[in-house]
Amino acid sequence: MDKQRVRIIRKNDEFSAEYQVGDVFEVDSTWYGGVNVSSKTGIPLSLDKEEYEVYEEDGEEERKVDPYSYHLGAMDCFCEMVGAGVKTLAMSHPCDSRQERDSFLKDVKKLCEKYGVYFYAEDEAFLTDLFPERLNKGKYNYLFYARKEVLDAYFKLKEEQRVVIQNGGYTRQKSYEIAKKFGRLLSYTEEGTERLIQKASEDREVGEAD
């Protein structure tokens with residue numbers, strides 16, 4: 001029997017680039033509040049009921065989007081938001097290798113020129129309670145920003161975390177505080193930051209259970 005498919009009609013997580021309004025996904029499993037699916041890049045997503053509708057085939061073949069175009073489209077969106085002042089700092093999708101990340105370099109330069117922003121190639125992912133560690137540890141990505149002081153603030157926050165860990169003071173409360181600061185740097189709302197921290201915590205608990 002074919003899997004049920006759903007189409008995104010709204011986004012509760014406005015900061016996630018893993019799904020957009022109009023995307024169609026196959027349902028992997030259900031939960032009390034909605035369904036679980038996998039994004040085009042293989043990342044698990046938990047969708048609330050109000051975010052989707054059951055998708056019925058209308059005879060039209062679904063358009064395929066290659067991973068490169070998908071990631072580049074997300075970076076285009078992030079650069080536009082940074083350039084417009086909607087976001088202070090934005091991050092591209094994490095890449096598994098430096099080579100994969102650098103394959104976007106030529107187009108990233110064009111995007112930054114187009115929107116009047118800058119980029120930084122990050123080789124040491126900033127691991128906080130804001131996002132699941134398994135999705136970012138050992139990964140490579142780009143940071144997008146419009147002002148140098150924003151990138152300086154990012155480095156300062158990473159250094160704060162490094163020093164606290166080195167001194168043995170990286171408690172659950174401290175890790176939470178740094179995640180909150182990171183959320184603000186990314187221009188997330190307080191509610192959005194709390195929601196992401198909660199999701200990352202749930203992901204960590206599932207991983208520990210496994």
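In this text, all values refer to a predicted model and were calculated from it rather than measured experimentally. Residue numbers start at 1 and run along the sequence shown.
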Chemist: CD of E113 to CG of L111: how many Å apart, nearest 0.5 Å?
Modeler: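 It comes to 10.5 Å.
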Chemist: Using side-chain heavy atoms (C-beta onward) and a distance below 4.5 Å, is K87 in contact with L186?
Modeler: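 They are in side-chain contact.
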Chemist: Could you check whether Y188 and F182 have their ring centres less than 6.0 Å apart?
Modeler: no
Chemist: Evaluate the criterion side chain to side chain contact (heavy atoms under 4.5 Å, CB included) for residue pair V108 and F144; output intermediate values, then yes/no.
Modeler: CA-CA 10 Å; V108 163; F144 301 106; 3.8 Å; yes
Chemist: Under the 3.5 angstrom rule, does the side chain of K114 hit a backbone N or O of C79 as a donor-acceptor pair?
Modeler: no
Chemist: Flag the pair E190 / R184 as yes when at least one side-chain heavy-atom distance between them is below 4.5 Å, and no otherwise.
Modeler: yes
Chemist: Quick check: closest heavy atoms across F78 and M91, and the distance to 0.1 Å?
Modeler: CE1-O, 3.1 Å
Chemist: Is a side-chain N or O of Q20 found less than 3.5 angstrom from the main chain of A74, in a donor-acceptor match?
Modeler: no
Chemist: Given side chain to side chain contact (heavy atoms under 4.5 Å, CB included), test V150 with V82 step by step and report yes or no.
Modeler: CA-CA 11 Å; V150 172; V82 171; over 6 Å; no
Chemist: Side chain to side chain donor-acceptor pair (under 3.5 Å), that's the test. Do Q198 and E194 meet it? Break it down for me.
Modeler: CA-CA 6 Å; Q198 178 61 35; E194 291 289 352; over 6 Å; no
Chemist: Among all residues two or more places apart in sequence or in another chain, which pass the salt bridge (charged side-chain N to carboxylate O under 4.0 Å, His left out) test with D96?
Modeler: K139
Chemist: Check this for me: does any side-chain nitrogen of one of R162 and E159 sit under 4.0 Å from a carboxylate oxygen of the other?
Modeler: yes
Chemist: Please determine if E160 and K174 form a salt bridge, counting it only when a charged side-chain N lies under 4.0 Å from a carboxylate O.
Modeler: yes
Chemist: Distance alone, cut at 3.5 Å: any donor-acceptor contact between the side chains of Y68 and E100?
Modeler: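 There is no such pair between these side chains.
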Chemist: Quick one: does K11's side chain have a donor or acceptor within less than 3.5 Å of a partner on E51's backbone?
Modeler: no
Chemist: Check whether NZ of the Lys or CZ of the Arg K109 lies under 6.0 Å from the centre of the six-membered ring of F119 and within 45 degrees of that ring's axis.
Modeler: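 Checked: cation-pi criterion not met.
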Chemist: Within the supplied structure, the quantity of interest is the number of heavy atoms (other residues, nucleotides, ligands) at a distance under 6.0 Å from Y118 OH; does it exceed 12?
Modeler: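 Atom OH in Y118 is not crowded, with 12 or fewer foreign heavy atoms closer than 6.0 Å.
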Chemist: What's the separation between atom CD in E122 and atom CG in L151, rounded to the nearest 0.5 Å?
Modeler: 9.0 Å
Chemist: Can you tell me how far apart OH (Y120) and CG (L89) are? Round to the nearest 0.5 Å.
Modeler: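 The OH atom of Y120 sits 12.0 Å away from the CG atom of L89.
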Chemist: Quick one: pull up OG1 in T30 and CG in L47 and give me the separation to the nearest 0.5 Å.
Modeler: 12.0 Å
Chemist: How long is the span from the OH atom in Y145 to the SG atom in C112, to the nearest 0.5 Å?
Modeler: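 Spacing of OH (Y145) from SG (C112) equals 8.5 Å.
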Chemist: Under a 3.5 Å distance rule, please check whether N136 uses its side chain to pair with a backbone N or O of P94 as donor and acceptor.
Modeler: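 No: the side chain of N136 does not pair with the backbone of P94.
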Chemist: So does E18 get a backbone contact from the side chain of Y70, meaning a donor-acceptor N/O pair under 3.5 Å?
Modeler: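 Present.
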Chemist: Please report the C-alpha distance between E80 and V86 in whole Å, then the side-chain angles of each, then the deciding distance to 0.1 Å, and finally whether the side chain to side chain contact (heavy atoms under 4.5 Å, CB included) criterion is met.
Modeler: CA-CA 9 Å; E80 182 178 12; V86 177; over 6 Å; no
Chemist: Assess the residue pair Y140 and D102 against the criterion (side chain to side chain contact (heavy atoms under 4.5 Å, CB included)); give the C-alpha distance rounded to whole Å, side-chain angles, the decisive distance to 0.1 Å, and a yes or no.
Modeler: CA-CA 9 Å; Y140 303 82; D102 291 349; over 6 Å; no
Chemist: Has the side chain of S29 got a donor or acceptor atom that lies under 3.5 Å from a matching backbone atom of N36?
Modeler: no
Chemist: Hey, quick one: are V117 and F104 part of the same hydrophobic cluster, counting side-chain heavy atoms closer than 4.5 Å, chains of contacts allowed?
Modeler: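 Hydrophobic grouping puts V117 with F104.
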Chemist: R101 side chain to N141 main-chain N or O, any donor-acceptor pair under 3.5 Å?
Modeler: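 At least one qualifying donor-acceptor pair exists.
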Chemist: Indicate, with yes or no, if the rings of Y19 and Y52 have centres closer together than 6.0 Å.
Modeler: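 They do not qualify: ring centres at least 6.0 Å apart.
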